[in-house]
There are 2 protein chains.
Amino acid sequence: MNIKDLKYFHQLVKYKNFSKVAADFSVSQPTITMAIKRIEKQFNSRLFIRDQSHHELQVTASGYQLDEHVQQVLNELATAQKELKRINSTKVLFGLPPIIGTYYFPSITPALLRQGLMKHLETFETGSKDMLQLLLKGSLDLALIASLQPIEQHQITAQLFRNYNFKIIVSPQHPLARQKEVSFKDLVAEHFIVLDEGFIHNTAFKQFCQQYDFKPNIVYQTSDVHVLKAMVKENVGIAFLTEIAVPANEELVSLALTDPQQPHFLISLAYRKNYRLGSIQQQLITTLVEEAQNK
Amino acid sequence: MNIKDLKYFHQLVKYKNFSKVAADFSVSQPTITMAIKRIEKQFNSRLFIRDQSHHELQVTASGYQLDEHVQQVLNELATAQKELKRINSTKVLFGLPPIIGTYYFPSITPALLRQGLMKHLETFETGSKDMLQLLLKGSLDLALIASLQPIEQHQITAQLFRNYNFKIIVSPQHPLARQKEVSFKDLVAEHFIVLDEGFIHNTAFKQFCQQYDFKPNIVYQTSDVHVLKAMVKENVGIAFLTEIAVPANEELVSLALTDPQQPHFLISLAYRKNYRLGSIQQQLITTLVEEAQNK
DNA sequence: TTATCATATAAATTTTATTAATAGTAAAAC
DNA sequence: GTTTTACTATTAATAAAATTTATATGATAA
């Protein structure tokens, strides 16, 4: 059996059209016919129903079931390809979401430098949500990921190692600045500056809104935490942010949330279960975990 | 790329000998040489070091890393093959460990009969530990599995639905029969009849022994619960058994365990995440879950 | 030195995949 | 009710690929 045939098969399940698949792979149409015949013979199953009357190719239950496995197979091979491409580079492709990269990671870099690990790191920045997908696809080796729930993803090993609260930040001019804490439900009337979809802040914020059943008054949405803070300082609105992103010395007032059920900003270290750890990777993980525990 | 090449590759990682692999697949030795060359070219990586001086073929880090993925791929295809072979039989191959099959399952059969589901069931009996492996390999469609911890296996969906205690059972003649409950640590001097390795009872029992740091006096080991009970009735020894396997009407006395930290006998319904559920499968799962909740 | 073991190479052969050309079939368009 | 169009299947020819046979190479062991 040939991988190529599996690729043809998968595309056929997707497009349900032999000619289109042929064109897609720049081969002749009979090539696809033959490939599918080979696969149907190999698995001894009818995978498609060629019913010309209904003007669409039907995929059988067997066809869909096989496709589940074929997808897994093709992904596995693609992942292997990407991994092997990197394996001899002595560099570890390390995913670092912006907030973690700005406010948490710098505190670990001295330790990494001491161990001579920094030069083996190649960081890649994107939102935590994308990160998990990139890990799964093999486009990353290792990643720090922020989440609201502990990461439970088959194929991924995740070590939860930091747990932060969310806070409300306001300008010193804001009436709330006199308080030390506040309940989210008392913020119905406030104007909010919020972070973009890619941030889990967004998800946590929506959760809160849903919990208290109110529609927040969002005056501005940004993907830049500095912009968000600048606007809060100008008292344009208040914001919802992890405590990690609010160093003490800033001209901002942060209020604890008193709500009994509240989400947390979790930081985990994640990698694929079948990613083989070389000595550099081992050292890196150990150092990251140790540093996380020292704080 | 050909699946055959991947099979050759995997065996070569295993045996580290070209000629042996060739013999294994009944092909000539150059076939393997060529196959490996193709794969090394495809992945653009050195996978083996042919160092004749050390008299053994060395597998590189890349080689091992690739093998991780190759194993996954080969398993996925083998699973697909088995699944598709069964898919048109309208039968669901249903794994049922002996204890669950004898003491729990019969209580659900009336509901299954009412729904006309029994005729679609083909049950297969083996220990819970094997069951998970068989599911993963695609040799089973669905299984009831006993475990001490909730099942957390990537690729497997498991619904925990029953939770039983473990008990100590003794003959009415036994001194302990006058008690209602007992702590495991007070059983050091007893003679035990225990179940075989395949049973999770065995694991739970060992856990207890380890916890209290004692070496149990095991007078007989069996894989048959009836034999175990018969021997307990004869007062040959006492036993450690789930409450589910001790119906009230038997001439046995069961004692609760008072230990604060004790394992539980969990029953879960499990299937592969990418096992597509047809209407029969859906109905079956719904019925099983409903019945479990009714008790 | 010779024998032995393990892998590589090369040419010939076999097997398999692909193509070009064409046929078949049903629905849509004229 | 032909003709066109859109899809898929079939066939023979061709191209590509994997496999074999025979042999070479290189290293250790006898």
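In what follows, chains carry the letters A, B, and so on, assigned in the order in which the sequence lines appear, proteins first and then strands, with residues in each chain numbered from 1. Here the structure is a predicted model, which is why all the values come from computation and not from measurement.
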### Message
Looking at A:K129, I want to see if its NZ is surrounded by more than 12 non-hydrogen atoms of other residues, nucleotides or ligands under 6.0 Å.
### Response
yes

### Task
To the nearest Å, give me how far apart CG (A:L47) and C1' (D:dT8) are.
16 Å

### Task
Rounded to the nearest angstrom, tell me the gap between atom CZ in A:F25 and atom P in C:dT19.
13 Å

### Query
Please give, in whole Å, the distance from C:dA17 P to A:I39 CD1?
10 Å

#### Entry: Test: A:R50 and A:E40 ion pair at under 4.0 Å
yes

### Query
Quick one: do A:E122 and A:R86 make a salt bridge, cutoff under 4.0 Å?
no

### Query
Where do B:A146 and B:S128 come nearest, in terms of heavy atoms and distance?
N-OG, 3.0 Å

### Query
So, is A:S19 close to the D:dT8 phosphate, meaning a side-chain N or O under 4.0 Å from OP1 or OP2?
yes

### Message
Quick check on C:dT7: is either OP1 or OP2 less than 4.0 Å from any side-chain nitrogen or oxygen of B:N17?
### Response
yes

### Query
Less than 6.0 Å separating the ring centroids of B:F94 and B:F105?
yes

## Note on the structure
Rounded to whole Å, the NZ-P distance (B:K16 to C:dT7) equals 12 Å

### Query
Is there a side-chain polar atom (N or O) of B:R50 under 4.0 Å from OP1 or OP2 of C:dA8?
yes

### Query
Does C:dA17 have OP1 or OP2 sitting under 4.0 Å from an N or O in the side chain of A:K37?
no

### Task
Whole angstrom is fine here: how far is it from NZ in A:K41 over to C1' in C:dT16?
11 Å

### Query
Taking protein heavy atoms under 4.0 Å as touching, what does nucleotides 13-20 of chain D look like 5' to 3' if B marks base contact, S marks sugar-phosphate-only contact and - marks none?
-----SSB

## Note on the structure
Heavy-atom closest pair (B:N202 atom, B:Q221 atom, distance to 0.1 Å) is ND2-NE2, 3.3 Å

#### Entry: Separation of atom CD1 in B:I36 from atom C1' in C:dT9, rounded to whole Å
17 Å

### Message
Using whole Å, what does the distance between atom P of nucleotide C:dT7 and atom NZ of B:K20 come to?
### Response
12 Å

#### Entry: Gap between atoms CD and P, on A:Q58 and D:dT8 respectively (whole Å)
13 Å

### Task
Please answer whether the main-chain N or O of A:G63 pairs with a side-chain N or O of A:T60 as donor and acceptor at a distance below 3.5 Å.
yes

